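See below for the structure under consideration.
Predicted model only: the values in this text are computed from it and were never measured.
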Amino acid sequence: MKQNKDPMELDFYLLYLAQHLREHQFPQATNQKFIVERAAEAYDTLCSLRREGRSFQVAQELAMRTLLRGVYVSRYDILYDIVEDKLWQYLPEGYWVDFTIHLLTKKQLHDILDRYEVNGDFLDREAHQPMLDELTGEIFEILDDYGLLQKTDDA
């Protein structure tokens, strides 16, 4: 049976996913095929659950989980949180995004993220804090190499 897609709902998923991928620096942000296929999958999830009698809120929540599967938390997010939480004294606030994007080019940080299997769904594991500690130490070494460990104010 052919299903007619509501272009407004499908557009919502397309736009939401494309923006999410860009804002969180996922490599899939430029992969239009990925975005279209994932949005269609999320829309199909919504429709299937509504046909089963699920409420719109439940169906929408599960569709969003489908949409963001594997692209919920990015490596950028993890590194930005460290920059924001631990390095605010050493970097001007307007520099945080650019510095985090720069950190994404550092192999040693990707090696740590790979070891902890950060894959886009990583959120709350026992290894989360040790990973953050290790990343923070490595980022401080990078800052030290750049001569940036002087505080920006007298905080």
Side-chain angles (χ1 to χ4, degrees), residues 9-46 49 55-155:
E9 281 292 331
L10 186 55
D11 283 350
F12 167 78
Y13 292 123
L14 287 165
L15 294 172
Y16 187 95
L17 182 59
Q19 181 174 344
H20 176 80
L21 295 173
R22 277 192 312 275
E23 285 179 0
H24 298 273
Q25 304 293 322
F26 278 101
Q28 298 94 324
T30 58
N31 185 338
Q32 195 62 29
K33 181 180 178 192
F34 173 82
I35 294 168
V36 168
E37 288 175 355
R38 183 59 67 84
E41 186 181 351
Y43 178 76
D44 291 344
T45 298
L46 176 77
L49 292 169
S55 72
F56 179 78
Q57 291 81 9
V58 169
Q60 176 71 350
E61 175 64 28
L62 295 173
M64 291 303 288
R65 287 183 189 181
T66 298
L67 187 70
L68 298 176
R69 183 182 64 243
V71 291
Y72 186 70
V73 176
S74 69
R75 290 172 175 226
Y76 170 85
D77 294 328
I78 292 167
L79 295 174
Y80 184 85
D81 286 347
I82 292 170
V83 169
E84 183 180 47
D85 292 343
K86 307 288 186 191
L87 306 178
W88 62 270
Q89 295 176 327
Y90 304 98
L91 299 168
E93 187 173 344
Y95 189 60
W96 296 352
V97 170
D98 291 338
F99 186 67
T100 303
I101 291 170
H102 172 70
L103 290 175
L104 287 172
T105 68
K106 299 298 184 184
K107 182 184 180 320
Q108 64 267 37
L109 297 177
H110 283 283
D111 290 345
I112 294 168
L113 293 163
D114 288 343
R115 197 166 354 103
Y116 286 94
E117 299 176 359
V118 174
N119 61 14
D121 285 327
F122 183 90
L123 276 180
D124 188 33
R125 296 184 191 164
E126 288 180 18
H128 186 74
Q129 191 58 52
M131 178 200 66
L132 292 177
D133 293 343
E134 193 172 342
L135 285 168
T136 300
E138 192 63 43
I139 292 169
F140 269 102
E141 286 185 30
I142 292 168
L143 281 172
D144 191 38
D145 289 347
Y146 293 158
L148 296 173
L149 282 183
Q150 295 77 31
K151 291 183 181 182
T152 59
D153 59 33
D154 293 322

- Measure the spacing between CG of Leu79 and CD of Gln25 and express it to the nearest 0.5 Å. 11.0 Å

- Item | Nearest-0.5 Å distance that lies between atom CD in Glu61 and atom CZ in Arg65 | 4.5 Å

- Task: Would you mind reporting whether Arg38 and Gln28 have side-chain heavy atoms less than 4.5 Å apart?
- Result: no

- Aromatic plane relationship, His20 with Tyr16 - under 30° parallel, 30 to 60° tilted, over 60° perpendicular: parallel

- Does Lys106 come within less than 4.0 Å of Glu138, counting only side-chain N to carboxylate O? no

- Message: If the test is side-chain contact (heavy atoms from CB on, under 4.5 Å), which one of Leu21, Val73, Leu17 qualifies with Phe26?
- Response: Leu21

- Query: Going by atom types only, do Asp77 and Ser74 share a side-chain donor-acceptor pair under 3.5 Å?
  - Reply: yes

- Query: Is any side-chain heavy atom of Asp11 closer than 4.5 Å to a side-chain heavy atom of Leu14?
  - Reply: yes

- Message: Would Leu87 and Trp96 count as a side chain to side chain contact (heavy atoms under 4.5 Å, CB included) here? Give the steps.
- Response: CA-CA 9 Å; Leu87 306 178; Trp96 296 352; over 6 Å; no

- Message: Are there over 12 heavy-atom neighbours, none belonging to Gln108, within less than 6.0 Å of that residue's CD?
- Response: yes

- Item | Pair Tyr76-Glu23, side-chain donor/acceptor within less than 3.5 Å | no

- Task: Working to the nearest 0.5 Å, report the span between CD1 of Ile82 and CD of Glu134.
- Result: 10.5 Å

- Can you list the steps and then say if Leu113 with Met131 is a side chain to side chain contact (heavy atoms under 4.5 Å, CB included)? CA-CA 8 Å; Leu113 293 163; Met131 178 200 66; 4.0 Å; yes

- Atom pair CD1/CG of Ile139 and Asp144 - distance to nearest 0.5 Å: 13.5 Å

- Message: Donor-acceptor check, side chain of Trp88 to backbone of Val83, threshold 3.5 angstrom: yes or no?
- Response: no

- Before giving the answer on ring-ring contact (aromatic ring centres under 6.0 Å, His included), spell out for Phe12 and Tyr43 the whole-Å C-alpha distance, their side-chain angles and the decisive distance to 0.1 Å. CA-CA 9 Å; Phe12 167 78; Tyr43 178 76; over 10 Å; no

- Among Asn119, Asp114, Thr100, whose side chain to side chain donor-acceptor pair (under 3.5 Å) with Arg75 holds? Asp114

- Under a 4.0 Å N-O cut-off, is there an ion pair linking Asp111 with Lys107? yes

- Message: Distance check, rounded to the nearest 0.5 Å: Leu103 atom CG versus Asp98 atom CG?
- Response: 11.0 Å

- Does some side-chain heavy atom of Tyr13 sit less than 4.5 Å from a side-chain heavy atom of Ile35? no

- Check the pair Asp44 / Thr66 against side chain to side chain contact (heavy atoms under 4.5 Å, CB included), numbers first and verdict last. CA-CA 10 Å; Asp44 291 344; Thr66 298; over 6 Å; no

- Message: Run the side chain to side chain contact (heavy atoms under 4.5 Å, CB included) test on His128 and Tyr116 for me, step by step, so that the C-alpha distance in whole Å, both residues' side-chain angles and the decisive distance to 0.1 Å come before the verdict.
- Response: CA-CA 8 Å; His128 186 74; Tyr116 286 94; over 6 Å; no

- Are His102 and Tyr95 near enough that their ring centres are under 6.0 Å apart? no

- Message: Nearest 0.5 angstrom please: Gln60 CD to Thr45 OG1, how far?
- Response: 10.5 Å

